[in-house]
Undergrad: 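Before I ask anything, here is the structure I am working with.
Since this is a predicted model, take the numbers as computed values, not measurements. Values below: all heavy atoms of this structure, side chains included; hydrogens, waters and symmetry mates excluded.
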Amino acid sequence: MIDALSRRDFVLSSAAVMPLVRTAVRVGPGSLGAPAVILRPPARPCVVASANGIRGVAKAMDLIVNQSADTLDAVVEAVKIQELDPNDMSVGYGGLPNAEGVVQLDASCMHGPTRRAGAVGALEGIKTPSEVAKCVLKYTNHIMLVGKGAQDFAVQFGFQIENLLTEQARQAWLRWRANLSPDDNYRDIPEGQVFPTPPHGTINCSAINASGEISSVTTTAGLAWKIPGRVGDSPIVGAGLYVDNDVGAAGSTGLGECNIMVCGGFTTVEGLRRGLSPTDACLETLRRAVAMSEARLLDANGRPKYDLQYYAVNKRGEFGSAGLYAGYKFAVHDGREARLADGAYLYERPTGR
Ligand code: ASP
């Protein structure tokens, strides 16, 4: 457990005014003139994640409910399943590399009860950047470390430097490089797995426990074939994720540049603060993202050529998710079972995309 608040601190922090909770009970020995304490109804434990977090939401819920794990520890353990899985080519070990064939990873996390955040960007050679981000959160006064500094920091905390480029990812990168231009010195390789251009993916996972403590983590290999040094939205607190322990949490997957433009994690949590349901808060942020998109990112109908999704949970343990296009799913465990649910969306997916 990290930095758990004392019971007294928790009751005091719970007393903050929050419009979300309409059923708060006022108690207190008023006749003695002591300050009243607002007690919230208990939250419903819930873990929500992108679809690749289906194993992770089960893991996090088990840790929270059966092992009283801290919510941050639980969500980091959840996403590590994907980071360590060589077949998930969107995150951690086995992630698709940058234009030079080097895997550079981004991650961030937030712990609601202590209001702390940690992040790493363009981290090379460490399989689990989410854990390194957690170390930044726990052991430093900083929020984000990048590149060589992040790697040196990880080594100091006992992480091993390893080759993250799997054979599968290396072959995919070689094919991309060979097929870049018919006029360069690499011969085109027509056969083999063809990725949509450019392939990308991420895992975000947020959790709330029965005491209403909330944490979130986002981790990614970013955009495949990116310019070396490119950092996406995932490690940016307020874009790739955001947590306000009085309100809720939100995170994102999809084209990071478009999410950064609307500070999507923060904007979604602000929607929750104004009383929107998690699904409506996600949809509202998506509309902002479309409105902020440059013309080159939109098709002739003004619809995005990219993908973007948000995932959110509020202080009551209600969850939701929305993406730009129909037909995507997200992972959730609301105390009954881990399942994939249909996300809300703005547009029907055009044929051929
Ligand atoms: N958001 C990630 C990035 O832009 C990629 C993704 O989620 O697909 O780095």
Undergrad: Among Lys226, Arg296, Arg230, exactly one meets salt bridge (Lys or Arg N to Asp or Glu O under 4.0 Å) together with Glu257. Which residue is that?
TA: Arg230
Undergrad: Hey, are the side chains of Phe159 and Cys135 touching, using non-hydrogen atoms and a 4.5 Å cut-off?
TA: yes
Undergrad: Within the structure provided, determine whether Glu318 and Arg44 are in side-chain contact (heavy-atom separation under 4.5 Å).
TA: yes
Undergrad: Any chance you could lay out the side chain to side chain contact (heavy atoms under 4.5 Å, CB included) test for Asn259 and Tyr310, step after step, and finish with the verdict?
TA: CA-CA 10 Å; Asn259 182 37; Tyr310 292 100; 2.6 Å; yes
Undergrad: Taking the side chain as C-beta and beyond, is there a heavy-atom pair between Lys59 and Ile81 under 4.5 Å?
TA: yes
Undergrad: Taking the side chain from Ser206 and the backbone from Ala249, do they hold a donor-acceptor pair closer than 3.5 Å?
TA: no
Undergrad: If only atom types and distance count, is the side chain of Asp106 paired as donor or acceptor with the main-chain N or O of Gly232 below 3.5 Å?
TA: yes
Undergrad: Verify the cluster assignment for Phe319 and Leu340: are they in a single hydrophobic cluster under the rule of side-chain heavy atoms below 4.5 Å apart?
TA: no
Undergrad: What is the minimum heavy-atom distance between Leu63 and Glu77, and which atoms define it?
TA: CD1-CB, 3.6 Å
Undergrad: Just wondering, do Asp307 and Arg349 contact through their side chains at under 4.5 Å, heavy atoms?
TA: yes
Undergrad: Starting at SG of Cys258, measure out to NZ of Lys305 and round the result to the nearest 0.5 Å.
TA: 11.5 Å
Undergrad: Compute whether any side-chain donor of one residue and acceptor of the other, for Glu83 and Thr219, lie under 3.5 angstrom apart.
TA: yes
Undergrad: For Ala107, does its backbone N or O pair with a side-chain atom of Ser234 as donor and acceptor, under 3.5 Å?
TA: no
Undergrad: Taking all heavy atoms of Ile143 and all of Ala117, pick out the closest pair and write down the distance.
TA: CG1-O, 3.8 Å
Undergrad: Can a side-chain donor-acceptor contact be found between Gln151 and Glu124 if the only test is distance below 3.5 angstrom?
TA: no
Undergrad: Decide yes or no on side-chain hydrogen bond (donor to acceptor under 3.5 Å, both in side chains) for Ser293 and Tyr306, but give the supporting numbers first.
TA: CA-CA 10 Å; Ser293 294; Tyr306 58 89; 2.6 Å; yes
Undergrad: Say you draw a straight line from OH of Tyr325 to CG of Leu286; how long is it, rounded to the nearest 0.5 Å?
TA: 11.0 Å
Undergrad: For residues Ser90 and Ile203, determine if any side-chain heavy atom of one lies less than 4.5 Å from a side-chain heavy atom of the other.
TA: no
Undergrad: Are the side chain of Ser215 and the backbone N or O of Leu72 linked by a donor-acceptor pair below 3.5 Å?
TA: yes
Undergrad: Can you tell me how far CG of Leu123 sits from CG of Leu145, rounded to the nearest 0.5 angstrom?
TA: 9.5 Å
Undergrad: May I ask you to decide if Gly112's main-chain N or O and Glu213's side chain share a donor-acceptor pair within less than 3.5 Å?
TA: no
Undergrad: Please determine, by modelled atom types, if Asp88 and Gln82 share a side-chain donor-acceptor pair under 3.5 angstrom.
TA: yes
Undergrad: Any donor and acceptor pair, going by atom type alone, linking the side chain of Thr218 with main-chain N or O of Gly251 inside 3.5 Å?
TA: no
Undergrad: Run the side chain to side chain contact (heavy atoms under 4.5 Å, CB included) test on Met110 and Arg116 for me, step by step, so that the C-alpha distance in whole Å, both residues' side-chain angles and the decisive distance to 0.1 Å come before the verdict.
TA: CA-CA 6 Å; Met110 283 187 83; Arg116 290 197 204 165; over 6 Å; no
Undergrad: If hydrophobic clusters are built from ILVMFWY residues whose side chains come within less than 4.5 Å, do Val136 and Val243 share one?
TA: no
Undergrad: Shortest non-hydrogen contact from Asn314 to Ile208?
TA: O-CD1, 3.6 Å
Undergrad: Please name the residue in the list Leu346, Leu324, Val262 that meets the side chain to side chain contact (heavy atoms under 4.5 Å, CB included) test with Arg287.
TA: Leu346
Undergrad: Going by atom types alone, do Gln309 and Thr253 pair a side-chain donor with an acceptor below 3.5 Å?
TA: yes
Undergrad: Under 3.5 Å, is there a donor-acceptor pair between the side chain of His333 and the main chain of Gly335?
TA: yes
Undergrad: At what distance, to the nearest 0.5 angstrom, does SG of Cys109 lie from CG of Leu137?
TA: 4.5 Å
Undergrad: Where the side chain of Asn98 meets the backbone of Val102, is there a donor-acceptor pair that is under 3.5 Å apart?
TA: yes
Undergrad: Do the side chain of Thr166 and the main chain of Ala169 share a donor and acceptor less than 3.5 angstrom apart?
TA: yes
Undergrad: Less than 4.5 Å apart, side chain to side chain, heavy atoms only: is that true for Val332 and Val57?
TA: no
Undergrad: Check Leu165 against Asn163 and note the closest heavy-atom contact, atom names and distance.
TA: N-OD1, 3.0 Å
Undergrad: Is any side-chain N of the basic residue among Arg170 and Glu167 closer than 4.0 Å to the acidic one's carboxylate O?
TA: yes
Undergrad: Mind checking whether Asp62 and Gln67 have side chains closer than 4.5 Å, heavy atoms only?
TA: yes
Undergrad: Are side-chain N/O atoms of Tyr311 and Thr268 paired as donor and acceptor at under 3.5 Å?
TA: no
Undergrad: Which pair of heavy atoms, one from Asp233 and one from Ser252, lies closest together, and at what distance?
TA: OD2-OG, 4.0 Å
Undergrad: Go through the steps to decide whether Tyr328 and Tyr345 satisfy the test ring pair (Phe, Tyr, Trp, His ring centres under 6.0 Å), and finish with yes or no.
TA: CA-CA 9 Å; Tyr328 93 96; Tyr345 56 90; 8.4 Å; no
Undergrad: With distance as the sole criterion, is a donor-acceptor pair present between the side chains of Thr202 and Thr220 under 3.5 Å?
TA: yes
Undergrad: Does the cation-pi check pass for Arg177 over Trp173, that is, NZ or CZ under 6.0 Å from the six-membered ring centre and within 45° of its axis?
TA: yes
Undergrad: Can you find a heavy atom in the side chain of Asp334 that is under 4.5 Å from one in the side chain of Arg339?
TA: yes
Undergrad: Closest heavy-atom contact between Ala207 and Val47?
TA: CB-CG2, 4.0 Å
Undergrad: If we ignore angles and hydrogens, is there a donor and acceptor under 3.5 Å between the side chains of Thr285 and Thr267?
TA: no
Undergrad: Does a side-chain N-to-carboxylate-O contact under 4.0 Å join Asp246 and Arg273?
TA: no
Undergrad: Is there a path of hydrophobic side-chain contacts, each under 4.5 Å between heavy atoms of I/L/V/M/F/W/Y residues, joining Val76 to Ile126?
TA: no
Undergrad: What residue among Asp184, Asn179, Asn185 forms side chain to side chain contact (heavy atoms under 4.5 Å, CB included) with Ser181?
TA: Asp184
Undergrad: Is a side-chain donor or acceptor of Lys315 paired with a backbone partner of Gly212 at a separation under 3.5 angstrom?
TA: yes
Undergrad: Establish, from distance only, whether the side-chain atoms of Thr128 and Tyr93 form a donor-acceptor pair under 3.5 Å.
TA: no
